[in-house]
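Take a look at the structure below.
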Amino acid sequence: MGSVHPLVALLWLAPALLLILGVVLYPAIKLFDASRSEFSITGLRRGDAGWENYAKVLDHPSLGTVLVNTLIWVVAVVAVTIVLGLALAQFLVKQFPGRRYVRWAVIVPWAASLIITSQLFVLLYDYNYGIVNHLLLGAGVIDAPIDFLGDDSWTMFSMVVVGVFVSLPFTIFVFIAGLNAIPDDVLEAATVDGARPRQRYRSIVLPLLRPALMIATVLNVIYVFNSFPIIYTLNDRNPGYLHDTTITFMYKLAFKSQEKDVGMSAAAGIFNVLLILAVVLIYLKIINWREETSR
Amino acid sequence: MRSMKTSGMIAGMAVAAIVLAACGGGTGAGNAGDGGTQGGAGGEAKTIKLVAAEYSKDNTKAFWDAFAKTYKDKTGYTLEVQIISWDNLDQQSSTMIQNNQAPDILNLNAYASYAKDGLLYNSDEVLPASVKSDILPTFVKYGTYDGKFYGFPDLSSARAFFYNTDLFKEAGVASPPKTWAELEDAARKISALGDGNVGYALPLGPEEAQGEFSMWLFNNGGTWKDQGKWTINSAQNVETLTFLKKLTDEKLTQNNPARTNRADAFDLFKSGKAGMIIGFSPLAAALDEDGKVKYAVAPFPTNDGSESKTFGVTDYLMAFKKPGNSNQAAVKAFYELYYQKDQINTWIKSEGFLPVTQSGIEEFRGDEKLKVYLDTLPNAQLTPTDDPTWDRVKLAVQQNLGRALTGDPKAVLDELQQTAESAS
């Protein structure tokens, strides 16, 4: 085994490096460039803006609302998805007739485009002819239709339901893989030693599921945080930023709001990247810390 | 040694493949027409690019493709056509300009900001004089920024009052209202029918709040801007918005009008559950196709019963300057062909909109269904599209006007007035 010449190694790595440079680094540099430039409403670059775009984003009167919305959105969707996903995965690893078809059915929301799913929910939620209101009225649960998307106290809830719906398939399959990886003999040994089902679940299944839990949480946090179509579609009737997260806030800054400022939007984009990086790092740090102390 | 060479070669080929793929793929819109749009060094552009809005799936592409062919045959220039849906048009045009890849001709619903940024040709440079004199004076007026005509209209629409004749009959309303008091009365009777029927469908959601409100305020003698001054919070406009709030409070409109977009209001009218709405010719076309709802069209009622005014809308075909004005001749040839009667009027007819030229009005005159719009078109009032500030104010109105229905109309209009004044 002779060692590989460094130049050859570089050549072999080049395709991947080029991809990273072109798809990740170059856009990131352009984004940073844009965030430091002053743009006209037409998109024409007028000159350098220094850090002014960043200051304008931090000064924005709706920033607080948007950050709180983002927190609620991410925490609610991810938490509910993880809990429901665990339960459903537990069910789907059991042997039962037709299991294969149920598993297929679970993938469907994942396969459909987010825009289509969101539009579908807009129709389901509709005040005048939505099926959800129709059913609730018919069952006598409510007396008057609920304005799921236009009533401020319902909008976030309605969006979270859709967020959970589209996040479940991926999460369930991560958990199914995790559950299948738990060796049967460990569980058998626990049963022989007299562990009751709840004990077995808490002391054996959950700890062994930790890698799957961690992956599901980190990836879901990133996906849900970056999710644009659901909020944009379900919230499009609502003026202002009442139910926007940082992602749709960024889009509206560039194209829909009275600011209509690409530079400001780019600065908000930089903040978004930093925010999600920080959240993930903190999460991983906590996980590590727990692992060390539990030893 | 040999194997090292081979592996090096394979790696090299892989690099080449990636690079090729990256060049070939492009990233969507902005890149599609890089090739031909720039003329040779110092030469004249033989190929120009048009970015057009998609008015309808069926007709827009068909028209522009046929147009490009005729253009090539008649002038020898090539026209590259890119059609973009209205949802994405703002975003894509902004990206194009950001990347210094503006098309030669752009079809959009605003132009003044582009003129202000010095990006556009004016009519003296690219529009044949005969065309300019044929365009309706109203549209020339609103297409003129800083004394020069930049916003060449491609088509227009005028709003009118639509009412559901079945619901009117059922509620015992004999004729369409002439005043706002009559409108309120009719709305009350229709809402009283129950069964989900609403008197007036009022869309003040972000999609088109400025359009709905324009129609109302013009018919109360109000304006957005008058004699160079913003008049958003004038007494008439506060009265108008207060009236809309009253309709909402007394439940004479559909649920939550502040959060209803125009498309949803149209759907409600198409389902036969709304008594009255502000519509335009494409809505009429959709209703006729469904054949489900019996409706009639009338002038919009005014607050005091005086003569009705209509709110007109036009979109623009604006021409971008290129270094050395290399595209000027080709762009001029484009407009010369576009404004020929058999081109522009065929296009407008197929999309179901209204003409922008005197000759167009003559040609459309024969169509009974369009009479109510055509009569009002030459005197239509537009939003102040000739002021670049409006491009910002419009967005502020879309995002904020609805708040008045749950808050204080005067405070909301005061705030918008301030936005307009500070942005000017």
Side-chain angles (χ1 to χ4, degrees), chain A residues 2 4-5 7-19 21-23 26-27 30 34 37 39-46 62 122 126-129 144-147 149-152 155 232 235-242 251-252 254-263 265-266, chain B residues 4-5 7-12 14-15 17-19 22 27 90-91 93-100 102 110 113-114 116-119 196 198 203-207 209 254-256 258-261 264 267-268 271 273 388 391-403 416 419 423:
Chain A
V4 182
H5 193 276
L7 268 179
V8 175
L10 193 66
L11 264 179
W12 275 105
L13 286 175
L17 284 177
L18 267 180
L19 263 183
L21 284 178
V23 179
Y26 176 71
K30 290 293 274 184
S37 306
F39 288 94
S40 150
I41 191 170
T42 59
L44 185 72
R45 191 178 182 280
R46 282 221 190 100
S62 297
V122 169
D126 191 275
Y127 180 87
N128 295 306
Y129 14 73
I146 296 173
D147 196 356
L149 301 176
D151 182 337
D152 286 334
T155 309
Y232 188 70
N235 186 37
D236 79 331
R237 67 193 58 208
N238 294 321
Y241 301 99
L242 277 175
Y251 180 83
K252 282 189 175 173
F255 303 114
K256 292 281 170 191
S257 70
Q258 66 198 67
E259 285 86 5
K260 208 176 179 197
D261 185 339
V262 178
S265 176
Chain B
M4 211 178 93
K5 243 187 189 165
S7 58
M9 244 170 69
I10 297 175
V15 173
I18 296 273
V19 172
T27 49
D90 254 4
Q91 178 190 344
S93 61
S94 161
T95 310
M96 288 176 200
I97 287 163
Q98 220 178 303
N99 294 336
N100 232 339
S113 297
Y114 297 83
K116 187 184 174 196
D117 281 351
L119 299 169
V198 300
L204 280 191
E207 186 191 349
Q254 84 285 13
N255 174 63
N256 216 344
R259 310 283 174 91
T260 305
N261 280 333
D264 301 318
D267 284 346
L268 194 65
S271 75
K273 291 285 183 195
D391 294 343
R392 218 175 271 287
V393 173
K394 179 176 82 181
L395 295 164
V397 170
Q398 290 173 344
Q399 294 297 332
N400 294 303
L401 194 67
R403 286 196 289 125
L416 288 171
T419 305

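Throughout, a chain's letter reflects where its sequence line sits, starting with A, and its residues are numbered from 1.
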If you measure from [atom1] on [X] to [atom2] on [Y], what distance do you get to the nearest 0.5 Å?
| X | Y | atom1 | atom2 | value |
| --- | --- | --- | --- | --- |
| B:Leu395 | A:Glu259 | CG | CD | 9.5 Å |
| B:Asn100 | A:Leu44 | CG | CG | 8.0 Å |
| A:Tyr127 | B:Asp264 | OH | CG | 14.0 Å |

| query | Is the shortest heavy-atom distance from the side chain of B:Gln98 to the side chain of A:Val262 under 4.5 Å? | reply |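 Yes, side chains in contact.
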State plainly whether the residues A:Lys260 and B:Asp391 are in salt-bridge range, i.e. N to O under 4.0 Å.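 No.
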*asked:* Which residues pass the salt bridge (Lys or Arg N to Asp or Glu O under 4.0 Å) test with B:Lys116, not counting sequence neighbours?
replied: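 Result, salt bridge (Lys or Arg N to Asp or Glu O under 4.0 Å) vs B:Lys116: none returned.
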* B:Arg392: partners by salt bridge (Lys or Arg N to Asp or Glu O under 4.0 Å), with sequence neighbours left out ->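 Checked B:Arg392 against salt bridge (Lys or Arg N to Asp or Glu O under 4.0 Å); zero matches.
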Closest contact, heavy atoms only, [X] versus [Y]:
| X | Y | value |
| --- | --- | --- |
| B:Leu268 | A:Tyr129 | N-OH, 3.7 Å |
| A:Gln258 | B:Asn400 | OE1-ND2, 3.5 Å |
| B:Ala258 | A:Pro239 | O-CD, 4.2 Å |

Query raised in the report: Measuring heavy-atom distances to chain B, does A:Tyr241 have an atom under 4.5 Å in its side chain, in its backbone, in both, or in neither?
Result: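 Neither part.
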Margin query: Between A:Asn238 and chain B, with a heavy-atom cut-off of 4.5 Å, which part of the residue counts as in contact: side chain, backbone, both or neither?
Written below: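 Contact with chain B is through both the backbone and side chain of A:Asn238.
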Name the member of [options] that forms the most heavy-atom pairs with chain A at distances under 4.5 Å.
| options | value |
| --- | --- |
| B:Asn255, B:Ile97, B:Val397, B:Thr95 | B:Asn255 |
| B:Ser94, B:Ala423, B:Gly402 | B:Ser94 |
| B:Ala396, B:Pro206, B:Ala209 | B:Pro206 |

What part of [X] gets within 4.5 angstrom of chain A, counting heavy atoms only: side chain, backbone, both, or neither?
| X | result |
| --- | --- |
| B:Leu119 | side chain |
| B:Glu207 | neither |
| B:Ala110 | neither |

request  = State which residue, out of A:Asp236, A:Asp152, A:Asp147, A:Asn235, fulfils the side chain to side chain donor-acceptor pair (under 3.5 Å) condition with B:Arg259.
outcome  =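 Answer after filtering A:Asp236, A:Asp152, A:Asp147, A:Asn235: A:Asp152.
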